[in-house]
Enquirer: 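Provided herewith is a single structure, encoded as structure tokens, for subsequent inquiry.
Naming convention: chains lettered A, B, ... in sequence-line order (proteins, then strands); numbering from 1 in each chain.
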Amino acid sequence: MLELSLAGREEATALGVDGESVGELRAIPAVFRFSVIRTRSWRWGARQGCTRRSRSRSLLALQLHGHLTMRDAVDPRVEHRHGCYPLRSATFRKRRIMLGPGDPAPDFALPDQGGRTVSLSDFRGQTVILFNFSSW
Amino acid sequence: MPVWQSFLEERSDLDARFIAVALDAVHERVRRLLEAQQVSFPVLIDKENALGEAYGFTAVPNAFLIDEEGIIRYARYGDFSIGRDPARSELLAALTGEEVYAASSMSPPNPEARRLFKEGQEALERGERDAALELWRRARDLDPDNWIIRKQIWAVEHPELFYPEIDTGWQKEQLRREGYARR
């Protein structure tokens with residue numbers, strides 16, 4: 001049974017039996033609709049495009065459906081797209097690509113409306129709400 | 001911005017500092033918008049999209065709640081509007097210390113597109129508008145779900161469709177013309 005641990009917004013490279021890459025996987029909730037085979041401590045509510053996580057993090061065994069390009073771990077010439085396919089034996093090499101709860105907030109130094117430089121670290125010791133927007 | 005100003009005045013009991021960051025390569029426009037609205041919080045200009053690179057977002061508006069030790073406690077990528085739920089309720093819950101996860105369908109940035117986008121920013125800074133647009137179009141084609149790139153092109157090519165009012169009808173039509181299909 002395949003096990004992949006998901007935490008935050010990650011992407012993973014699925015590695016085949018020889019350690020070569022057999023596919024790229026974006027583990028961002030809402031891109032994949034999960035049907036859960038076996039879980040420990042995770043509960044996924046499946047609504048179109050949305051998932052919720054319970055408190056603790058643990059390993060999750062899953063069968064992936066949805067928009068995923070992945071070469072069959074057994075036959076590298078077979079490419080599946082937009083279909084349902086169980087992941088067989090694969091290990092994953094993960095990488096965090098978008099930050100989430102528990103990650104340190106990267107510092108920055110940007111000019112304000114008065115031309116003064118403001119850094120996030122100026123506010124260490126205080127709770128900060130950081131909001132990104134644009135005029136377009 | 002006025003919505004945030006009222007929210008912060010209404011909830012002055014909240015022990016949090018608010019920082020707004022505007023992602024505008026043509027920042028004079030943001031300054032003009034701010035002159036029209038008096039705000040009591042810092043509004044920073046991030047014309048190189050440093051935060052997009054550091055935090056991993058490809059669209060705005062988004063919001064993060066960061067604790068006293070500098071750790072992210074809540075992150076909402078996309079559709080953050082303080083005047084509306086679910087964003088408003090999520091932030092208020094997170095401010096009480098609750099563990100809140102915001103669903104998002106935003107895709108992370110493509111590193112090659114990011115390089116081209118930066119080169120485009122630099123070209124625009126040098127006054128080379130056409131070169132900037134060309135670089136940004138290449139970036140957009142590599143990363144079609146990246147709204148920061150796509151909208152930057154629109155805003156520079158058609159500033160009149162963004163100031164003083166944003167023409168959302170035009171944007172929908174333009175997406176069709178660009179052959180955009182969400183993956």
Enquirer: Kindly write out the residues that satisfy side-chain contact (heavy atoms from CB on, under 4.5 Å) with Arg176(B), not counting sequence neighbours, or none if the list is empty.
Expert: Glu173(B)

Enquirer: Indicate the ring-plane relationship of Tyr77(B) and Phe57(B), choosing parallel, tilted or perpendicular according to the 30° and 60° boundaries.
Expert: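 Tyr77(B) vs Phe57(B) ring planes: tilted.
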
Enquirer: Side chain from CB out, backbone as N, CA, C, O: work out which of these in Leu91(B) comes under 4.5 Å of a heavy atom of chain A, or both, or neither.
Expert: side chain

Enquirer: By number, which residues in residues 63-74 of chain B have some heavy atom less than 4.5 Å away from chain A?
Expert: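 The stretch touches chain A at Ala63(B), Phe64(B), Leu65(B), Ile66(B), Asp67(B), Glu68(B), Glu69(B), Gly70(B), Ile71(B), Ile72(B), Arg73(B), Tyr74(B).
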
Enquirer: Using the side-chain contact (heavy atoms from CB on, under 4.5 Å) criterion, which residues pair with Ala93(B)? Sequence neighbours excluded.
Expert: Glu98(B), Val100(B)

Enquirer: Holding to side-chain contact (heavy atoms from CB on, under 4.5 Å), I want the full list of residues that pass it with Arg88(B), two or more places apart in sequence or in another chain.
Expert: Phe7(B), Glu10(B), Ile82(B), Asp85(B), Leu92(B)

Enquirer: To the closest 0.5 Å, what do you measure between CD1 (Ile19(B)) and CD1 (Ile129(A))?
Expert: 10.0 Å

Enquirer: Assess, by modelled atom type and distance only, whether the side chains of Tyr180(B) and Asp145(B) contain a donor and an acceptor separated by less than 3.5 Å.
Expert: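 Distance-only check passes for Tyr180(B) and Asp145(B).
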
Enquirer: Could you check whether Glu178(B) and Trp154(B), counting side-chain N and O atoms only, form a donor-acceptor pair closer than 3.5 Å?
Expert: yes

Enquirer: Looking at Ile148(B), Leu51(B), Ile166(B), Thr58(B), which has the largest count of heavy-atom pairs under 4.5 Å with chain A?
Expert: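 Counting heavy-atom pairs under 4.5 Å, the top option is Leu51(B).
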
